[in-house]
Colleague: 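Here's a structure for you.
Since we're looking at a predicted model, the values are computed, not measured. In this chain, numbering begins with 1 at the start of the sequence shown.
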Amino acid sequence: VTFIAGTATGAGVTFALVWQPRYDRRGEARYSSARNSGSVRFQQSTENRVGSFGYSVASTYDDGPGTLSGQVDYIANRFDASLTHSTFGPSFSSVTDEQITSLRVGTSISTAGGKEAIGRNIYDSFAILYPHQSLEDRPVIVGESFERGNYTSRSGALGPAVSNSLTSYVDQSVRYDVLGVPAGYDIGEGVRRVRPGYKSGYAIQVGSEAFVSALGRLVGNAAKPAALISGRVRLADDPAAEPELFFTNSAGRFAIQKLVPGKTYRVELFTSPGAGFEFTVPLDNEGLLDLKTVTVPVDITDQ
């Protein structure tokens, strides 16, 4: 609450009251006795997420003339919209003499890396996130947080998802996920670090051909769990390919990611003597490959 007394032409009081019950809601009331004018306003702001509503109601009085106004805001996946209605009059008893209604709808068409997308207004930089063909029609979503199903954009019939609020020359993260993804499908890290230039854009692919994850349990001679064993995983038909690390936990269980359907892989264990095993990912695998129990001819000693 604020009080200001005194004016250049005489005595007066200015009264202001601000009430903010939570971060996105704010109410204000102001009155000046010197000018015999005042205003009241209550507003709920929208959030940058699909399905967010906002609204505001306001009224002003200026020593006779008065106004009443209301506004409703809506955030959709491909556009945002605002509906405003205002009334004016020489006094509050005739405040509805003049009325104005306006509707504003904003959208954008963006392109980057050979991809196009329709999304909400873009004021600086952006990122287009599109699904790899292996995801078929499963939607990609983008958002700062996916709690309670919230997201800021979603891919669909009108194209990829658009992250529309990136800031130029600032390191920041673009977070993504995929809805209805098969168990074991590897979509990647779920976050991409970017540093866009002024009013620039990124094209980010979600998912890849190497989407299969394999699980299993490794045992040695006498069916003893191969606990805490390390090694590497290579493509069997491409020895020059960069290998991935392999290791087991204390129960001999292991997980291998970024596998391509139809490919054969060789696991080379760092044991003495050396050992390993091969497996092939089926062409029709949708994400998770259960290798069950894999036995290798190695004597396992107690650790």
Side-chain angles (χ1 to χ4, degrees), residues 1-4 14-110 117-127 141-159 161-168 199:
V1 180
T2 303
F3 297 94
I4 302 177
T14 297
F15 172 90
L17 174 65
V18 177
W19 177 53
Q20 189 160 349
R22 65 187 203 189
Y23 74 95
D24 61 343
R25 290 183 178 175
R26 181 183 177 91
E28 299 179 7
R30 302 178 186 275
Y31 177 73
S32 172
S33 64
R35 299 180 55 186
N36 188 28
S37 64
S39 65
V40 292
R41 178 182 178 84
F42 185 81
Q43 176 180 11
Q44 174 169 309
S45 303
T46 58
E47 300 178 63
N48 189 32
R49 60 176 177 81
V50 174
S52 176
F53 274 98
Y55 62 87
S56 65
V57 290
S59 178
T60 65
Y61 173 79
D62 191 9
D63 196 22
T67 68
L68 288 172
S69 64
Q71 178 173 317
V72 177
D73 304 307
Y74 177 65
I75 304 296
N77 186 29
R78 307 292 183 178
F79 67 91
D80 55 72
S82 294
L83 177 64
T84 304
H85 183 74
S86 302
T87 66
F88 310 86
S91 66
F92 257 104
S93 61
S94 57
V95 73
T96 59
D97 283 2
E98 298 182 52
Q99 302 191 38
I100 297 176
T101 300
S102 62
L103 173 65
R104 181 197 63 81
V105 178
T107 188
S108 67
I109 300 176
S110 55
I118 298 175
R120 296 195 296 278
N121 285 333
I122 298 170
Y123 300 101
D124 191 346
S125 297
F126 65 94
I141 58 174
V142 185
E144 298 178 3
S145 171
F146 301 121
E147 291 185 33
R148 299 185 299 276
N150 292 334
Y151 54 87
T152 62
S153 183
R154 170 176 173 158
S155 67
L158 295 180
V162 180
S163 178
N164 68 327
S165 58
L166 300 185
T167 303
S168 299
K199 294 187 180 299

Colleague: Rounded to the nearest 0.5 Å, how far apart are CD of Gln20 and CZ of Arg26?
Modeller: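 It comes to 5.5 Å.
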
Colleague: If you look at every heavy atom in Gly54 and Thr46, which pair is closest and at what distance?
Modeller: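 Here Gly54 and Thr46 meet closest at N-CG2, 3.3 Å.
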
Colleague: Name all residues meeting the salt bridge (Lys or Arg N to Asp or Glu O under 4.0 Å) criterion together with Arg104; count only those two or more places apart in sequence or in a different chain, and write none if there are none.
Modeller: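 Salt bridge (Lys or Arg N to Asp or Glu O under 4.0 Å) list for Arg104, sorted by chain: Asp80.
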
Colleague: Drop me the distance from Ile75's CD1 to Asn48's CG, to the nearest 0.5 angstrom.
Modeller: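 Rounded to the nearest 0.5 Å, the CD1-CG separation comes out at 7.0 Å.
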
Colleague: Enumerate the ring pair (Phe, Tyr, Trp, His ring centres under 6.0 Å) contacts for residues 17-53, please, sequence neighbours excluded, ordered by first and then second residue.
Modeller: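 Sorted pair list: Phe53-Tyr74.
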
Colleague: Please check if any side-chain donor atom of Thr60 sits under 3.5 Å from a side-chain acceptor atom of Thr67, or the reverse.
Modeller: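 Note: Thr60 and Thr67 side chains meet the donor-acceptor criterion.
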
Colleague: Once side-chain contact (heavy atoms from CB on, under 4.5 Å) is applied, do any residues pair with Ser108, and if so which ones, sequence neighbours excluded?
Modeller: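 For Ser108 the side-chain contact (heavy atoms from CB on, under 4.5 Å) partners, ignoring immediate neighbours, are Ile122.
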
Colleague: Using the rule given for side chain to side chain contact (heavy atoms under 4.5 Å, CB included), can you reason through Arg120 versus Val50, listing the C-alpha separation, both sets of side-chain angles and the distance that settles it, and then say yes or no?
Modeller: CA-CA 10 Å; Arg120 296 195 296 278; Val50 174; 3.9 Å; yes

Colleague: Rounded to the nearest 0.5 Å, how far apart are CD1 of Ile141 and OG of Ser155?
Modeller: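 Ile141 atom CD1 to Ser155 atom OG measures 9.5 Å (nearest 0.5 Å).
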
Colleague: Quick one: salt bridge (Lys or Arg N to Asp or Glu O under 4.0 Å) partners of Asp24, sequence neighbours excluded?
Modeller: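 In terms of salt bridge (Lys or Arg N to Asp or Glu O under 4.0 Å), with neighbours along the sequence ignored, Asp24 is linked to Arg22.
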
Colleague: Please name the pair of heavy atoms, one in Ala29 and one in Val40, separated by the smallest distance, quoted to 0.1 Å.
Modeller: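 Closest pair (atom of Ala29, atom of Val40, distance): CB-CG1, 4.0 Å.
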
Colleague: Partners of Pro65 by side-chain contact (heavy atoms from CB on, under 4.5 Å), sequence neighbours excluded?
Modeller: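 Here no residue qualifies.
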
Colleague: Residues two or more places apart in sequence or in another chain: which of them pass side-chain hydrogen bond (donor to acceptor under 3.5 Å, both in side chains) with Ser45?
Modeller: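 Scan of Ser45 (side-chain hydrogen bond (donor to acceptor under 3.5 Å, both in side chains), adjacent residues dropped) gives none.
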
Colleague: Please identify each residue that fulfils salt bridge (Lys or Arg N to Asp or Glu O under 4.0 Å) with Arg35, with sequence neighbours left out.
Modeller: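 Residues passing salt bridge (Lys or Arg N to Asp or Glu O under 4.0 Å) with Arg35: none at all.
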
Colleague: Identify the heavy atoms of Thr107 and Gly119 that sit nearest to each other, and give their distance.
Modeller: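 Distance-wise, the nearest heavy atoms are OG1-O, 3.0 Å.
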
Colleague: Who passes side-chain contact (heavy atoms from CB on, under 4.5 Å) against Ile100, sequence neighbours left out?
Modeller: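 Ile100: side-chain contact (heavy atoms from CB on, under 4.5 Å) contacts with Phe88.
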
Colleague: Which heavy-atom pair separates Ser69 from Ser86 by the least distance, and what is that distance?
Modeller: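 Looks like CB-OG, 3.5 Å.
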
Colleague: Once you round to the nearest 0.5 Å, how far does OG1 of Thr87 lie from CG of Leu68?
Modeller: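 Answer rounded to 0.5 Å: 4.0 Å.
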
Colleague: Looking at OG of Ser110 and CD1 of Ile118, how far apart are the two atoms once the value is rounded to the nearest 0.5 Å?
Modeller: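 Here the rounded value is 9.0 Å.
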
Colleague: Keeping Lys199 on the side-chain end and Phe126 on the backbone end, is there a donor-acceptor pair under 3.5 Å?
Modeller: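 Here the side-chain-to-backbone pair does not exist.
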
Colleague: Can you pull the salt bridge (Lys or Arg N to Asp or Glu O under 4.0 Å) pairs that have at least one residue in residues 44-67, sequence neighbours excluded?
Modeller: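 Found Glu47-Arg49.
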
Colleague: By side-chain contact (heavy atoms from CB on, under 4.5 Å), which residues pair with Ser56, not counting sequence neighbours?
Modeller: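 Ser56 satisfies side-chain contact (heavy atoms from CB on, under 4.5 Å) with Arg41, Gln43, Gln71 once adjacent residues are dropped.
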
Colleague: For Arg30, what residues pass the salt bridge (Lys or Arg N to Asp or Glu O under 4.0 Å) criterion, not counting sequence neighbours?
Modeller: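 So Arg30 forms a salt bridge (Lys or Arg N to Asp or Glu O under 4.0 Å) with Glu28.
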
Colleague: By the side chain to side chain donor-acceptor pair (under 3.5 Å) test, which pairs, at least two apart or in different chains, include something from residues 143-152?
Modeller: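 The answer is none; no pair qualifies.
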
Colleague: Just by distance, do the side chain of Ser153 and the backbone of Val162 share a donor-acceptor pair under 3.5 Å?
Modeller: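 A pair under 3.5 Å: yes.
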
Colleague: Taking atom OH of Tyr61 and atom OG of Ser91, what is their separation to the nearest 0.5 Å?
Modeller: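 Rounded to the nearest 0.5 Å, the OH-OG separation comes to 8.5 Å.
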
Colleague: Which heavy atom in Asn121 sits nearest to a heavy atom in Gly106, and how many Å separate them?
Modeller: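 Smallest heavy-atom distance, with atoms named: OD1-C, 3.5 Å.
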
Colleague: Does Leu158, at its CG atom, have more than 12 non-hydrogen atoms belonging to other residues, nucleotides or ligands within less than 6.0 Å?
Modeller: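 Atom CG in Leu158 is packed in, count exceeds 12.
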
